[in-house]
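First up is the structure itself, then whatever we jot down about it.
By convention here, the first residue in the shown sequence is residue 1. Below, all heavy atoms of this structure are taken into account, side chains as well, without hydrogens, waters or symmetry copies. Predicted, not measured: the structure shown is a model, and the values here were computed from it.
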Amino acid sequence: MIEMQNQVLTFTQIKAQYPDQWVLIGNPVLDDSFVGSIVSKLRAGVVLLSGADRKELGQKANEARQGFEEIACVYTGEIPKNRKFWL
């Protein structure tokens, strides 16, 4: 698990710096389209945590999100089409 600094990055930069990882993003900037997944709408944000284990990221999210009004958790790799995630 990697803890990050408070620097705003574009989603393209986030994907390049944290490939195939779960990333917790503070104050995500989304486009204003109504439909679509969070990943397709995400434009930028502050990387709070990243890691390969989504469950571990979720356990540390409350502490990491202090000072941020909103957060988003996204995967920067390709998710297989037949993969299902339990929320």
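- Heavy-atom minimum distance, Gly51 versus Gln21: N-OE1, 3.4 Å.
- Heavy atoms only, all atoms of each residue included: Trp22 and Asp53 are closest at CD1-C, 4.3 Å.
- Taken together through direct or relayed side-chain contacts under 4.5 Å among Ile, Leu, Val, Met, Phe, Trp and Tyr, Phe11 and Val29 form parts of separate hydrophobic clusters.
- In this structure, the separation between CD on Gln17 and OG1 on Thr10 is 8.5 Å, given to the nearest 0.5 Å.
- Considering all non-hydrogen atoms of both residues, Leu24 and Cys73 come closest at CD1-CB, 4.3 Å.
- Note that CG of Asn27 is 8.0 Å distant from CG of Leu48, once rounded to the nearest 0.5 Å.
- Counting heavy atoms from C-beta outward, Leu42 and Leu30 have side chains that approach closer than 4.5 Å.
- For the residue pair Val23 and Ser50, the shortest heavy atom distance occurs at CG2-CB, 4.2 Å.
- Note that the CG atom of Leu9 and the CZ atom of Arg43 stand 15.0 Å from one another [nearest 0.5 Å].
- Counting only heavy atoms from C-beta outward, the side chains of Asp20 and Tyr75 approach each other to under 4.5 Å.
- Considering every non-hydrogen atom in both Asn62 and Gln66, the closest pair reads O-NE2, 2.8 Å.
- Residue Ala44 comes nearest to Val8 through the heavy atom pair CB-CG1, 4.2 Å, listed as atom of the first residue, atom of the second, then distance.
- Going from atom NZ of Lys60 over to atom CD of Glu56 covers 4.5 Å, rounded to the nearest 0.5 Å.
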